[in-house]
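Below: one structure, written as C-alpha cells.
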Amino acid sequence: HVLLNFAYYKMSSSDSGHRKGPSAKDNPNYDLCEFLMELSAYERNVTRNTFKSNAYRSAASSLAAYPTRVTGAKEASSIKGIGKRISEKIEEFLSTGKLKKLEKIRTDDTSTALTELTRVSGVGPAKARQLYDAGITNIMELKKRTELLTHHQLIGLKYVEDFEKKIPRAEVQTIERAIRGSLSNMKQQYNMTVCGSYRRGSERSGDVDVLLTYDNVEVERKTVKLEESSSSLTKETNAKNEVAKKRKDISDGSSDEENHNKDNINTKKNRKLKADQKYTTSSPSGSSSDNKSYATNESSSPSANKESASKTNHRAMLQSVVHQLQKDNIVTDQLSLGDTKFMGVCRVPPEECYRRLDIRLLAPEHYYCGILYFTGSDLFNKDMRTQALAAGFTLNEYNIRPMGSTGVPGEPLHVNSELEVFDYIGMKYKQPSERNM
DNA sequence: ACGACAACGCATTGCC
DNA sequence: GGCAATGCGA
DNA sequence: GTCGT
C-alpha cells in the first residue's frame, strides 16, 4: 500500500494532510481513491495504456475532491471523470468490500514485479518490462544487475527508499536557506523561488522545485560584448535594445507579493566588467576564486543571434550554479543537466535523507509565468489555462499571449508579477495557498 | 462510432 | 558524427 | 476509461 501511495503522490506531486489536496486521509472516499490509483498504476506499468491510467487517476482526483461519501453507482457516475465502468467498480467495492479485478492483479506475479521495479526513479514501464524479461522481479535482484542500468536509474536505485519519503516543510525551508546561502557567494546573483506544493503551503513535499532567474544586466553586458565582436551588428543592436527595455520594465516593476526583485541586489561587483574574463564553454574550472565561470562563447559563429547567445549563457550559468551547490555539499548527485533544467539530489546535514531537487533557470521575461506554472496545482493550472482561452489569451509556462482573431497567438505580453497574469485574464488573484485544486 | 486525452527538457538508443 | 525516435519525469 | 463530437 505504501507503494501505491507512492505512485499516486509521484504523479500528483501534491501534498496531503493539508487543505484539500487529493486523497487527503480525511476524505470520505479515501478507500475508493486508493483502489482507483491502484488500477491507474496497473494500466501504466503493466498494460502501458497511459490514457486508461490517466483516466483512473483523474477519476480518483475528482473523487478526492468530492465532499461526501459516495453511496452508489448512480451518484458516482455524476462525478466528472467517472463513467459507467468505474461507477460499476465503485458499486462492487461498496457492496462486497473488494474488487475481483484488483484481487487478481494483486496476485499476478508479472504485475507485482513490474510495479515493484518502477519504484526506481528512471525505471518506467518499458524498462521494467525489459528487466523482468531478463529475469529480474524485485529490487533486491536488481541490485545485483546494475550493469543493466543507466546513470539516472543507478541513482534512483541508490536512493529508492529516501525518494519515497515526503519532505517536511521545515526541511524544505532548511534546504531553501542552504541554497540561498550557497548561491549568494556567486558573483552572478540569482532570483530564487521555491515552487511546487511547498509554495502552496503544503506541510509535506515530494521534492524541492527551485526556479531561478538572473539579472538582465548580465545579459546586457554580454550582448554588448557579442556586438563588439560581431561583424553583423544589426541583430545584436536590436537584441541589446530589447533587453535593455525589459530590464527597465523589471526594475520599475511594482511590488510583487514575494519581494523577489528586492532581494536581488546588483552589487558593483556584479556590474563590474572584467575585461580579462576568461570565457570557457566547458569545465567550470573549479577554482573558488572564479565562481562566475559560466560563459559566453566568444568564438561562436559571427552570425550568433540573441537566441544562440542566451542559450550558451544559460547552459554555462546553470552548470555554474550546480557546481557551486556541489562545492557546498548541498547537491550530491545529478540525474540530468541541460540549458534550463537540472534534476538531481540534495542533502543538508544533519538530515540523513537524500532529497530530489529540481532547478530551473528561466529568462527574466519568463519568470512570473514560470513560478505561476510550477506552483500549480496541476488542476489549478488547467483551469487557469481554460479561463485564459475564454478571455482570449493563451497561457503557458513561459508567457501569456493574446489570441488574434485568426487563432494565431500574438506577441507575449509583458509580465512583472503573477498578479498581472491574473489581471490579464480577468481572474481574481489567488494566493498560492488557494491554488490547491 | 471514434479521436483526443499537454507539451516539453534531457538522456539514451536507433538509424543513416 | 548527426539527427530522429523513444523513454522518462514532472 | 471518459468525454465530446
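Sequence lines set the chain letters: A, B, ... in the order given, protein chains first and strands last, and positions in each chain run from 1.
In this structure, A:F51 reaches the bases: a heavy-atom distance under 4.0 Å links it to at least one base atom across the strands shown. Contact annotation for A:L39: no contact, since no heavy-atom pair falls under 4.0 Å across all strands.
Picking from D:dG1, B:dT12, C:dA10 the nucleotide with the shortest atom distance to the side chain of A:M343 gives C:dA10. Ranking B:dA11, C:dG9, D:dG1 by closeness to the A:I86 side chain, first place goes to D:dG1. Listed candidates were C:dC8, C:dA10, D:dG1. Nearest to the side chain of A:A55 is D:dG1. Minimum atom distance to the side chain of A:Y373 is reached by B:dA6, of the listed B:dA6, B:dC10, C:dA10. Checking C:dG9, B:dA11, D:dG1 against the side-chain heavy atoms of A:L337 singles out B:dA11 as nearest. For A:R356, taking side-chain heavy atoms from C-beta onward, the closest of the listed nucleotides D:dT2, C:dA10, B:dA11 is C:dA10. In this structure, of D:dT2, B:dT12, C:dG7, it is B:dT12 that holds the atom nearest to the side chain of A:T150. Nearest to the side chain of A:S121, among C:dC8, C:dG9, B:dC5, sits C:dG9. For A:K89, the side-chain atoms get nearest to D:dG1 when compared with the rest of C:dC8, C:dG9, D:dG1.
A salt bridge links A:K158 to A:D333: at least one charged side-chain nitrogen sits closer than 4.0 Å to a carboxylate oxygen. Salt bridge A:R106/A:D108: absent, no basic N to carboxylate O contact under 4.0 Å. A salt bridge links A:E176 with A:R180: at least one charged nitrogen is closer than 4.0 Å to a carboxylate oxygen.
With rounding to whole Å, A:I90 atom CD1 is found 9 Å from D:dT2 atom P. Rounded to whole Å, the distance from NE2 on A:H151 to P on B:dT12 is 8 Å. With rounding to whole Å, A:Q130 atom CD is found 13 Å from C:dC8 atom C1'. Between A:K80 atom NZ and B:dC5 atom P there is a gap of 15 Å when expressed in whole angstrom units. Per the geometry, CZ belonging to A:F163 stands 9 Å off P belonging to C:dA10, to the nearest Å. Going from atom NZ of A:K84 over to atom P of D:dT2 covers 9 Å, rounded to whole Å. At whole-Å resolution of the value, CE in A:M384 and P in B:dA6 are 19 Å apart. With rounding to whole Å, A:L148 atom CG is found 11 Å from B:dT13 atom P.
For the atom pair OG1 of A:T118 and CG of A:N45, the computed distance is 3.5 Å after rounding to the nearest 0.5 Å.
Contact check, A:Y398 against B:dG9: a side-chain N or O comes under 4.0 Å of OP1 or OP2. Using a 4.0 Å cut-off, no side-chain N or O of A:R360 falls inside it from OP1 or OP2 of B:dC8. Of the side-chain N and O atoms in A:K127, none sit less than 4.0 angstrom from OP1 or OP2 of B:dT12. A close approach under 4.0 Å does occur between a side-chain nitrogen or oxygen of A:T340 and OP1 or OP2 of B:dC10.
B:dC8 and D:dG1 have their C1' atoms separated by 25 Å, with the value rounded to a whole Å. Comparing the P positions of D:dT2 and B:dA7 gives an interatomic distance of 23 Å, to the nearest angstrom. Distance noted for atom C1' between C:dC8 and B:dA6: 16 Å (whole Å).
Qualifying ring-ring contact (aromatic ring centres under 6.0 Å, His included) partners for A:F342, counting only residues two or more places apart in sequence or in other chains: none.
Remark: A:R85 CZ is loosely packed, at most 12 non-hydrogen atoms of other residues, nucleotides or ligands lying under 6.0 Å away.
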